[in-house]
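Computation of the quantities below employed the complete heavy-atom set of this structure, encompassing side-chain atoms and omitting hydrogens, waters and symmetry-equivalent molecules. We number each residue from 1, following the sequence as shown.
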Amino acid sequence: MGSFVVRMGRSMLGSAVLIAAVAALALAYTSSGGASRESLVAEMLSNFILVLGIQIFIGNTGVLSFGHMAFAQIAAYATAVVAIPLAAKAKALPDIPFGLDNVHMNPFAATAFAVVVTVIIGALLGVAVSRAKGLAPTMITLALLFVVDQLVKNWKELTRGAGGLSGIPRIEGNGWLYVGALVALITAHFFQETRIGRFSIATREDELAAPALGIRLFTSRYVAWVVSIGLTALGGSLRAQSLGSVNPKQFTLDAGILVLVMLVVGGMRTISGAVLGTVLITAGNELFRQLGDPERLDIERFPDLFLGLAMLLTMVLRPEGILGDHDLAGWLRRKMYRRAEVTPTPAVVGTRPLTAREVEVVFGGFTALDGAALTVKPAEVVGLIGPNGAGKTTLFNVITGLVEEHAGSVRLGDDDLTTAGPVDVARSGLARTFQNLRLFQTLSVRENVALTALVAARHRAHRVRPDVDVLLDAAGLTEFADRSAGTLDYGNQRRLELIRAAALAPEYLLLDEPTSGMSDTESLAMVDSVRSIAALIGAGVLVIDHDLGFITRISDHIVVLNEGRVLAEGTPDQVRANPAVAEAYLGSQA
């Protein structure tokens, strides 16, 4: 409960500061102007809500969407058909379906109705968007925009077609738009503070590492999608009530690109960036509209030139947006962070062995694994070695659910992990690192570890879970805790990846070439790091590495693969003395 109050307090404070700044700018702008300036502020505020809506999905998941304006359009029309007075509705829509001819709602109820209807539709369509990969989600959203546009233009009994609907009771002044903008800010801020919101950010940073740490891509993206549709619907509804009418021309692809430019220019990964981009693009768009007036320059579609230049300059000079990762919410999170007092709890060593038996994997006509097997006992360190192409990483990937075996089995004690995917494998008790570093680069060092700790709190609660700051201390990374992970030197990035995996409170750490690219001195230091971190969480270790010195110093037992089969295994001394290993692994002259 205390954590919820703190997170909500941060969200409220950050939102209040940003809305106050926007209100101050708007007040200064409208203090010496007429109704046209008030209208521009109203347009900015409705765009503000729309931009924050798409930021929750695009900014947090990294999945580009062109279709959010379709849901703003659905909400706008849903508002219109229940808010227009009955007499006016009878004239404009004499054949309106679903019994809506006798429905009339006040502005608040109409807004709530529109948001609910739009969220239901969005939630159904969001299943396809959230399951798709690569470019597919973006194309699905673009298709949705075109489909909704055609439905609106041709379902005349409900929408009156391309002519649109008028007679919607207008909201007087911009007060409700400010309220809507504040609601959008609080929602966006709080979503980033929630467990699922932080998981969404992890999927944005690395689609392979997140599942390997127990984070399900579909769930986090789907929730982000639904929440974003809710805010987009709010923006569409309030825009319709602000204008008093709704028309398909208000929700075209061009309108969607305008909102997207606002997000990109300010910085899509942060809420502060979304706010800044909305203000700057709204002001710039209006300035170029006035400059392109026939009485001035008579340049057709001059605002489009501004939008193109703004996007081009941003992509060339500042691809991450003007603010990049600088954010008021992040600053507050760092300033308000207080290290918890933690009573050290001795680690409890697991009791279940990790076993792989008779594993076979075939890629096309190539046999990568041919009956490979190994066993790792609790608290034991097992090294897996072999020449290039021996199948070491393939076996690793089979054990962690990234590669499906054609035969064989993988078990953790009595639990069969043979058909389990990466998420279920991680939640069962296996945490891995990767040969090529896969950190959440733009997140801070502490946030990288804290994300995995969140998974552990839900799915590994039966294990002793070391505090995030304790892990940072153990890796010597406390002084870098607030730095972006991508700014660390290579050795510290490797240590961060190690403790990020350890934060899952696994029974086994699976390390894929943890000393790759390291000097001899750094490799020697990594021996101590791996052993101390494993002891801290009571975990066994399975490690791949080409550095024989590292492997022999760290391992209790070594398994040698060659051509997908186990060539030899035993203690480091036994393996070193095996002539078959020397021939296959070290070469005939070794």
Side-chain angles (χ1 to χ4, degrees), residues 47-72 118-119 122-123 125-126 128-145 184-185 187-192 194 196-207 210 217-236 251 253-278 280-281 307 310-311 314-315 318-325 327 329-330 440 442-443:
N47 282 334
F48 189 91
I49 301 169
L50 293 173
V51 171
L52 287 170
I54 66 173
Q55 193 279 331
I56 286 178
F57 183 68
I58 299 176
N60 292 321
T61 68
V63 178
L64 182 61
S65 169
F66 287 113
H68 271 65
M69 289 302 281
F71 298 100
T118 307
V119 167
L125 297 172
V129 174
S130 301
R131 286 194 183 281
K133 296 181 180 179
L135 189 60
T138 301
M139 300 311 296
I140 291 172
T141 62
L142 184 60
L144 288 174
L145 182 64
L185 273 170
T187 303
H189 273 128
F190 188 67
F191 180 77
Q192 287 192 343
T194 62
I196 199 72
R198 293 163 75 181
F199 287 174
S200 298
I201 295 171
T203 67
R204 176 196 77 195
E205 292 293 304
D206 197 308
E207 291 186 359
L217 266 66
F218 172 79
T219 304
S220 54
R221 286 181 175 174
Y222 183 72
V223 174
W225 170 269
V226 172
V227 175
S228 75
I229 294 303
L231 277 193
T232 302
L234 176 62
F251 303 98
L253 179 59
D254 286 351
I257 290 175
L258 172 65
V259 173
L260 191 58
V261 171
M262 292 177 179
L263 179 63
V264 171
V265 168
M268 68 172 61
R269 291 196 293 258
T270 67
I271 296 166
S272 298
V275 173
L276 178 64
T278 303
L280 291 180
I281 296 300
L307 291 178
M311 182 66 87
T314 300
M315 291 295 97
R318 187 78 173 172
E320 68 276 17
I322 294 174
L323 289 186
D325 293 312
D327 187 32
F440 304 139
T442 67
L443 302 187

Please step through salt bridge (Lys or Arg N to Asp or Glu O under 4.0 Å) for the pair Glu205 and Arg269, ending with a clear verdict. CA-CA 11 Å; Glu205 292 293 304; Arg269 291 196 293 258; 5.1 Å; no

Distance, nearest 0.5 Å, that separates CG of Asp327 from CG of Leu276: 11.5 Å

Before giving the answer on side-chain contact (heavy atoms from CB on, under 4.5 Å), spell out for Ile322 and Leu280 the whole-Å C-alpha distance, their side-chain angles and the decisive distance to 0.1 Å. CA-CA 11 Å; Ile322 294 174; Leu280 291 180; 3.6 Å; yes

Has the side chain of Thr138 got a donor or acceptor atom that lies under 3.5 Å from a matching backbone atom of Leu64? yes

Rounded to the nearest 0.5 Å, what's the gap from CG on Leu258 to CG on Asn47? Could you check? 5.5 Å

CG (Leu263) and CG (Leu50) are apart, to the nearest 0.5 Å, by 11.5 Å

With a 4.5 Å cut-off on side-chain heavy atoms, are Leu307 and Ile257 touching? no

Treating Tyr222 as the side-chain partner and Val129 as the backbone partner, does any N or O pair qualify as donor plus acceptor under 3.5 Å? no

So how far is it from Met311 CE to Ile281 CD1, rounded to the nearest 0.5 Å? 8.0 Å

Check whether any side-chain N or O of Gln192 sits under 3.5 Å from a backbone N or O of Gly197 as a donor-acceptor pair, and report yes or no. no

Could you tell me whether Met315 atom CE has more than 12 heavy atoms of other residues or ligands within 6.0 Å of it? yes

Gap separating the CZ atom of Arg198 from the CZ atom of Phe440, nearest 0.5 angstrom: 11.5 Å

Would you please classify the geometry between the His68 ring and the Phe71 ring as parallel, tilted or perpendicular, with 30° and 60° separating the classes? perpendicular

Under the side-chain contact (heavy atoms from CB on, under 4.5 Å) criterion, do Leu185 and Val275 qualify, and how do the steps go? CA-CA 9 Å; Leu185 273 170; Val275 173; 3.9 Å; yes

Value for CZ (Phe57) from OG1 (Thr141), rounded to nearest 0.5 Å, stands at 8.0 Å

Examine distances only and state if a side-chain atom of Arg204 and a backbone atom of Gly59 form a donor-acceptor pair shorter than 3.5 Å. yes

Quick one: does Ser220's side chain have a donor or acceptor within less than 3.5 Å of a partner on Ile196's backbone? no

Heavy-atom donor-acceptor pair, Thr270 side chain to Asp325 backbone, under 3.5 Å: no

Apply the test side-chain contact (heavy atoms from CB on, under 4.5 Å) to residues Leu52 and Phe48: give CA-CA distance (whole Å), side-chain angles for both, the deciding distance (0.1 Å), then the verdict. CA-CA 6 Å; Leu52 287 170; Phe48 189 91; 3.5 Å; yes

